[in-house]
Amino acid sequence: MKLLATGKVAFLYNVRLFNWLEETTMWTFFHKMGSPRWFYQISGQWLPWLAVATAILLLAGSFWGLAIAPMDFRQGNSYRIIYIHVPSVFVAMSGYMIMAVAAAITLIWKMKLAEVVMKCCAPIGAGMTFIALLSGSLWGKPTWGTYWVWDARLTSVLILFFLYLGVIALYEAFEDNVSASKACAILSLVGSVNIPIIHWSVEWWNSLHQPATLKLTEESTMHPDMLYPLLIMIVGLYCLFGVLLMLYTRSEILVRERGTKWVKELVAQKIATN
């Protein structure tokens, strides 16, 4: 009888805890994030501020890195492409992880907004990866004497580019959005194993590519005059990714929700305003 009473108390406690969680702000925020309408409204408020911050960071970082930062004693001025190459690699890898997380949410909770974010991440991430590959090749010519080698780091980043293109192509191959989302979610999750390979490739294999310049657990070997503009460019490119993702997601939401009442009211309001 004591065990039954204890079990009943534990059950009632868990029910109350679940009800409390439902009422908390974070839990409510999580449910709101699944609403395309709520995201469209809140992102419209964030976009101007994020766009201004992006412009300031990119202008300041590029001017500092390209015009003010000192010349490298070994590579000369060719090293300055680092201010495009390194941030684009960071954002390309992070973009894929965002896509993979959105894919997991799509498969588990079937949130429409996560499905849209997963789709919209692919072309933006592919563009960032292309910039990373192109800038790396241009940097490699004066540094290594060649534009391309089948190096572990370069090859794994090229695979990342193909994974992005695969997700884009897979979406176009299905007429049904539900089937397309499931297929793309699976590909996104499977392809996420490539991210740690990219990160650790220079440590696991003999690589022509130099080891990571920026490490969380160690102090950077870069001079502060070179390091600070690089950090600014990294933050700026992350902000740019956020701006592009918001814009593309908002556009996709309008296309998918065009039959809903709130979108029709929004269109009517825009027409009346113009």
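- Under 3.5 Å, the side chains of W144 and T146 contain no donor-acceptor pair of N or O atoms.
- One N or O on the side chain of R258 and one on the backbone of V255 form a donor-acceptor pair closer than 3.5 Å.
- Shown here is F161, whose CZ atom has more than 12 heavy atoms of other residues, nucleotides or ligands within 6.0 Å.
- For F63, the CZ atom sits in a loose shell: 12 or fewer heavy atoms of surrounding residues, nucleotides or ligands are nearer than 6.0 Å.
- The two atoms that bring N194 and S156 nearest to each other are ND2-O, 2.9 Å, heavy atoms only.
- Atom OH of Y171 has more than 12 heavy atoms from other residues, nucleotides or ligands within 6.0 Å.
- The closest side-chain heavy-atom distance from I98 to F241 is below 4.5 Å.
- Judged by distance alone, with hydrogens and angles left aside, the side-chain atoms of R153 form a donor-acceptor pair with the main-chain N or O of I198 at under 3.5 Å.
- Grouping the Ile, Leu, Val, Met, Phe, Trp and Tyr side chains by contacts below 4.5 angstrom, directly or via other members, places M71 apart from L66.
- A side-chain donor from one of Y238 and S94 sits under 3.5 Å from a side-chain acceptor of the other.
- Between L113 and S35, every side-chain heavy-atom pair lies at or beyond the 4.5 Å cut-off.
- When all heavy atoms of S135 and S88 are compared, the pair lying nearest together is OG-OG, 4.2 Å.
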Before giving the answer on side-chain contact (heavy atoms from CB on, under 4.5 Å), spell out for V116 and K112 the whole-Å C-alpha distance, their side-chain angles and the decisive distance to 0.1 Å. CA-CA 6 Å; V116 174; K112 291 190 292 184; 5.5 Å; no
Between E115 and T106, does a side-chain hydrogen bond (donor to acceptor under 3.5 Å, both in side chains) hold up when you go through it step by step? CA-CA 6 Å; E115 178 185 329; T106 299; 5.8 Å; no
Starting from the C-alpha separation in whole Å, work towards a yes-or-no answer on side-chain contact (heavy atoms from CB on, under 4.5 Å) for M97 and I195. CA-CA 8 Å; M97 292 310 299; I195 301 301; 3.6 Å; yes
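- L240 has its side chain within reach of M128: a pair of non-hydrogen atoms, C-beta onward, lies under 4.5 Å apart.
- Looking only at side-chain heavy atoms (C-beta outward), Y40 and V263 stay at 4.5 Å or farther from each other.
- Considering only heavy atoms from C-beta on, S181 comes within 4.5 Å of M118 through its side chain.
- Closest heavy-atom contact between L154 and V149: CD2-O, 3.6 Å.
- Residues P70 and D225 approach most closely at CD-CB, 3.6 Å, considering heavy atoms.
- Within the 4.5 Å cutoff, the side chain of E257 has no heavy atoms near those of the R37 side chain.
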Run the side-chain contact (heavy atoms from CB on, under 4.5 Å) check on V235 and L231 step by step: do they pass? CA-CA 6 Å; V235 176; L231 295 177; 5.7 Å; no
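- Heavy-atom minimum distance, L107 versus K110: O-NZ, 3.7 Å.
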So W148 and L158, side-chain contact (heavy atoms from CB on, under 4.5 Å) or not? Walk me through it. CA-CA 11 Å; W148 181 268; L158 181 62; 4.0 Å; yes
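- Transitive grouping of hydrophobic side chains (ILVMFWY, heavy atoms separated by less than 4.5 Å) brings W38 and L50 into a common cluster.
- Ring centers of W139 and Y79: at least 6.0 Å apart, outside the cut-off.
- No donor-acceptor distance shorter than 3.5 angstrom exists from the side chain of Y164 to the backbone of G127, with no hydrogens or angles considered.
- With contacts defined as side-chain heavy-atom distances shorter than 4.5 Å, the pair P87/L230 qualifies.
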Are Y83 and W64 close enough, and set up right, to give a ring pair (Phe, Tyr, Trp, His ring centres under 6.0 Å), and what steps lead you there? CA-CA 10 Å; Y83 298 112; W64 190 349; 9.2 Å; no
Take E252 and K119 through the salt bridge (Lys or Arg N to Asp or Glu O under 4.0 Å) test and state the conclusion after the steps. CA-CA 9 Å; E252 184 68 19; K119 177 183 179 181; 3.1 Å; yes
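- L187 and Y96 get closest at one heavy-atom pair: O-OH, 3.4 Å.
- A distance of 5.5 Å separates CZ in F39 from CD1 in I253, rounded to the nearest 0.5 Å.
- Within the 4.5 Å cutoff, no side-chain heavy atoms of V117 are placed close to those of V101.
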